[in-house]
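Just below is one structure, and these are the notes that go with it.
Just so we're clear, the structure is a prediction, and the values are computed from it rather than from any experiment. Heavy atoms only: backbone and side chains are in, while hydrogens, waters and symmetry mates are out.
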Amino acid sequence: MKLDQMVRSVYPNLTPYTCSLADLPVEEMKQALGLEQVYKLSFNENPLGPSSKARNAMQQALSQLNLYPSSSGEAVQGKIAEKEGVLPQNVILSNGADEMIILVAQTFLEPEDEAIIPEICFVQYMASTYLMGATPVFSPMKADLSIDLKAILQKITEKTKVIFLCNPNNPTGTVIPADELQAFIKQVPENVLVVIDEAYHEFADGDGYRSSVELVSDFANVFVIRTFSKIYSLAAARIGYGMGQAALVDAINHVRPPFNVNSIAQAGALASLDDAEHVAESRRINQFGKQLLCKTFDELGLSYLSSQANFVCVDTGKDGQEVFDRLAERGWIVRKLTGYGLNSSLRISIGQPEEMKAFVEVFKEVLSK
C-alpha cells in the first residue's frame, strides 16, 4: 500500500494529537512519574467539578441512551439564546469548542484561502486551517504579548477568508479591549469572517473586556465561540457552541454532522446554565488562585501577564523545561510554552485554594535551586 499516494495533500501538515506528560489524565500521570499524588495544573480545567444540578440531569439522561439526541439541541439553544439576548437561530452547538473551530474551517476555507492567526494563540486554529488545505498567516504579538489588531489588519489580503481571535487569549490570558475590537471589525472587509473564541469569557473580570456577542447583530461577519468545558466544568462531556447571524449559523449547519452533541452533554449543559451558584463559586476559587499566584510572583520578582482567564503565564527567568521537570518530580504538572518560543515561561492553571497554597511553596523551593 502506498499511503502517500492515497492520503490528501494536506497530510504532511497534520499530526495526530499525542499526549505529553502535561496532557495525560491524572491516573496516567501518576503511572508515568511513579507517584501516588499528582496535581494537574496544565489543562485549564475547573477544579470545582461539574454542578450538582448538571450531574443529576446527566444521570437521569442515562436511561434514554437507546434514543438519539436532539440533532440541533433545541432546548440548549433556546436557553443560551435567552441568556445571551439572541435568537435560537443565532446559536449552533458543537462537540466542544474544538469541533466548532473545525466546522468553521470546513464551511469557509478552501486551499487557496488564508486564515490570519496571532502568533501566540490556541493551536486548533492552525490545525483546522491546515486541515482544509488553506494557509495560516501568523501575525506578530505586541511587546506585552497581547494581540496586535493593527498587525492583523496589515496581514489582510485578497486571499484572507478568516481571522481567528481568542479573547481572553490562551495561553496568555490577555484580553482585547472592547472598543479596540469593535473599531477593528469595522475595518475588516465584510467578506472576511472574524471568529472570536470566548472559551474563558466567564472568568474575564477586568476593565476593557466585553463579550463580542453584542456585536453579532451589527456585523454579519462576526462569529463567537463558547464552551461548557471551563466555567461549567463539563470538559469530558464535550459541548460547545457558536453564535452569529442566522445566515452564518445556517451555513455552518450545512457541514455540521447530525447528532454531533450527545444527549448526556445536552442535559448537563442545560442544567449548568441554571446554576448561578456554581458559576459564582468557580469564579471565587479562580480569583483566589490568581491573586495568590500573582502575589507569589511579585515576591519572587518574576514577570507575569495579567490574566482574565483561569491560568497565569509567568516568566520564570530560568529554563522552562528545567523548572517544569523539577515541578513534575514533585507531582506538580504545569504547561511549558516552548512551542511558542517562550522558553522560560510556564502557564499555570488555577486549582483548589489548598492546592494553590501548596503549589506556591513548591514553586518557591524549585526556583531557589
Side-chain angles (χ1 to χ4, degrees), residues 17-50 55 122-123 170-173 199-200 203 229-237 278 281-305 307 309-340 342-369:
Y17 183 79
T18 54
C19 291
S20 63
L21 179 61
D23 306 307
L24 296 174
V26 170
E27 291 305 314
E28 293 183 26
M29 286 180 175
K30 291 179 182 178
Q31 294 177 15
L33 294 169
L35 298 174
E36 294 184 2
Q37 183 65 58
V38 170
Y39 301 91
K40 186 180 180 183
L41 303 179
S42 59
F43 240 59
N44 302 341
E45 295 158 327
N46 187 338
L48 183 59
R55 292 198 303 270
F122 187 40
V123 296
N170 177 21
T172 63
Y200 301 94
F203 291 109
S229 294
K230 305 304 177 183
I231 196 80
Y232 295 112
S233 305
L234 294 178
H278 176 269
E281 180 64 5
S282 296
R283 287 174 174 156
R284 186 194 68 78
I285 290 173
N286 191 64
Q287 191 63 17
F288 175 88
K290 281 202 299 185
Q291 289 177 349
L292 181 59
L293 283 180
C294 294
K295 178 176 180 290
T296 300
F297 300 152
D298 286 335
E299 292 173 354
L300 295 173
L302 300 179
S303 298
Y304 59 93
L305 300 178
S307 172
N310 64 340
F311 55 83
V312 180
C313 178
V314 59
D315 187 338
T316 66
K318 298 177 179 289
D319 182 273
Q321 180 69 59
E322 184 178 341
V323 177
F324 174 90
D325 291 340
R326 289 181 177 177
L327 288 170
E329 290 171 359
R330 292 161 173 79
W332 295 92
I333 311 301
V334 296
R335 177 67 64 182
K336 298 176 294 183
L337 297 177
T338 51
Y340 295 102
L342 304 176
N343 296 328
S344 58
S345 294
L346 300 173
R347 189 194 69 189
I348 302 167
S349 302
I350 305 302
Q352 286 279 9
E354 293 306 313
E355 291 177 343
M356 301 312 295
K357 290 176 183 177
F359 171 78
V360 297
E361 294 306 316
V362 173
F363 186 74
K364 290 176 183 177
E365 176 188 340
V366 165
L367 284 197
S368 68
K369 295 183 177 180

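Taking a cutoff of 4.0 Å between a charged side-chain nitrogen and a carboxylate oxygen, Arg284 and Glu281 qualify as a salt bridge. Under the 4.0 Å criterion applied to side-chain N and carboxylate O atoms, Lys40 and Asp23 are not assigned as salt-bridge partners.
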*From CA spacing to verdict: side-chain hydrogen bond (donor to acceptor under 3.5 Å, both in side chains), Asn46, Ser233*: CA-CA 5 Å; Asn46 187 338; Ser233 305; 2.9 Å; yes
*Could you go through the side chain to side chain contact (heavy atoms under 4.5 Å, CB included) check for Phe297 and Val312 one step at a time?*
CA-CA 10 Å; Phe297 300 152; Val312 180; 3.8 Å; yes
*Could you walk me through whether Val360 and Leu292 pass the side chain to side chain contact (heavy atoms under 4.5 Å, CB included) test, one step at a time?*
CA-CA 8 Å; Val360 297; Leu292 181 59; 4.0 Å; yes
*May I have the step-by-step check of side chain to side chain contact (heavy atoms under 4.5 Å, CB included) for Trp332 and Phe363, ending in yes or no?*
CA-CA 9 Å; Trp332 295 92; Phe363 186 74; over 6 Å; no
_Under the criterion side chain to side chain contact (heavy atoms under 4.5 Å, CB included), I'd like the reasoning laid out for Ile231 against Arg283: C-alpha separation, chi angles, the key distance, then a yes or no._
CA-CA 8 Å; Ile231 196 80; Arg283 287 174 174 156; 4.0 Å; yes
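Listed for the Arg326 side chain is a donor-acceptor partner under 3.5 Å among the backbone atoms of Lys369. Distance alone, capped at 3.5 Å, is enough to place a donor-acceptor pair between the Lys290 side chain and the Ser307 backbone. Using modelled atom types, no side-chain atom of Thr338 and backbone atom of Asn343 make a donor-acceptor pair closer than 3.5 Å.
Shown here for Phe43 and Lys230, the closest heavy-atom pair between the two residues is O-NZ, 3.5 Å. For the pair Tyr304 and Cys294, the tightest heavy-atom approach, listed with the atom from each and the gap, is CE1-SG, 3.4 Å. In plain terms, the two heavy atoms of Ser344 and Asp315 that are nearest each other are OG-OD1, 2.7 Å. The two residues Arg335 and Ser20 have their closest heavy-atom pair at NH1-OG, 4.4 Å. Heavy atoms only, all atoms of each residue included: Leu367 and Leu302 are closest at CD1-CD1, 3.5 Å. Residues Ala22 and Val334 come closest through the heavy atom pair CB-O, 3.5 Å.
Rounding to the nearest 0.5 Å gives a distance of 9.5 Å between CG of Leu305 and CZ of Phe311. Atom OH of Tyr200 and atom CG of Asn310 lie 6.0 Å apart (nearest 0.5 Å). One distance of note links OG1 of Thr316 with NZ of Lys336; it measures 13.0 Å at 0.5 Å rounding. The distance from atom OH of Tyr232 to atom OG of Ser282, rounded to the nearest 0.5 Å, is 9.5 Å.
The number of heavy atoms from other shown groups lying within 6.0 Å of CD (Gln37) is above 12.
Side-chain contact between Val123 and Tyr340 is present, with at least one heavy-atom pair separated by less than 4.5 Å. Taking 4.5 Å as the limit, some side-chain heavy atom of Ile333 sits within range of a side-chain heavy atom of Leu33. A 4.5 Å side-chain heavy-atom check between Leu293 and Phe359 finds at least one atom pair inside the cut-off.
By the side-chain contact (heavy atoms from CB on, under 4.5 Å) test, Lys295 is found to be paired with Glu299, residues two or more places apart in sequence or in another chain being considered.
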With a cut-off of 3.5 Å and sequence neighbours excluded, list every side-chain donor-acceptor pair involving residues 345-354.
from, atom 1, to, atom 2, distance (Å)
Arg347, NE, Asn44, OD1, 3.4
Arg347, NH1, Asn170, OD1, 2.8
Arg347, NH2, Ser42, O, 2.6
Ser349, OG, Leu41, O, 3.3
Ser349, OG, Asn44, N, 2.8
Ser349, OG, Asn44, OD1, 2.7
Gln352, NE2, Pro47, O, 3.4
Glu354, OE2, Lys357, NZ, 3.3

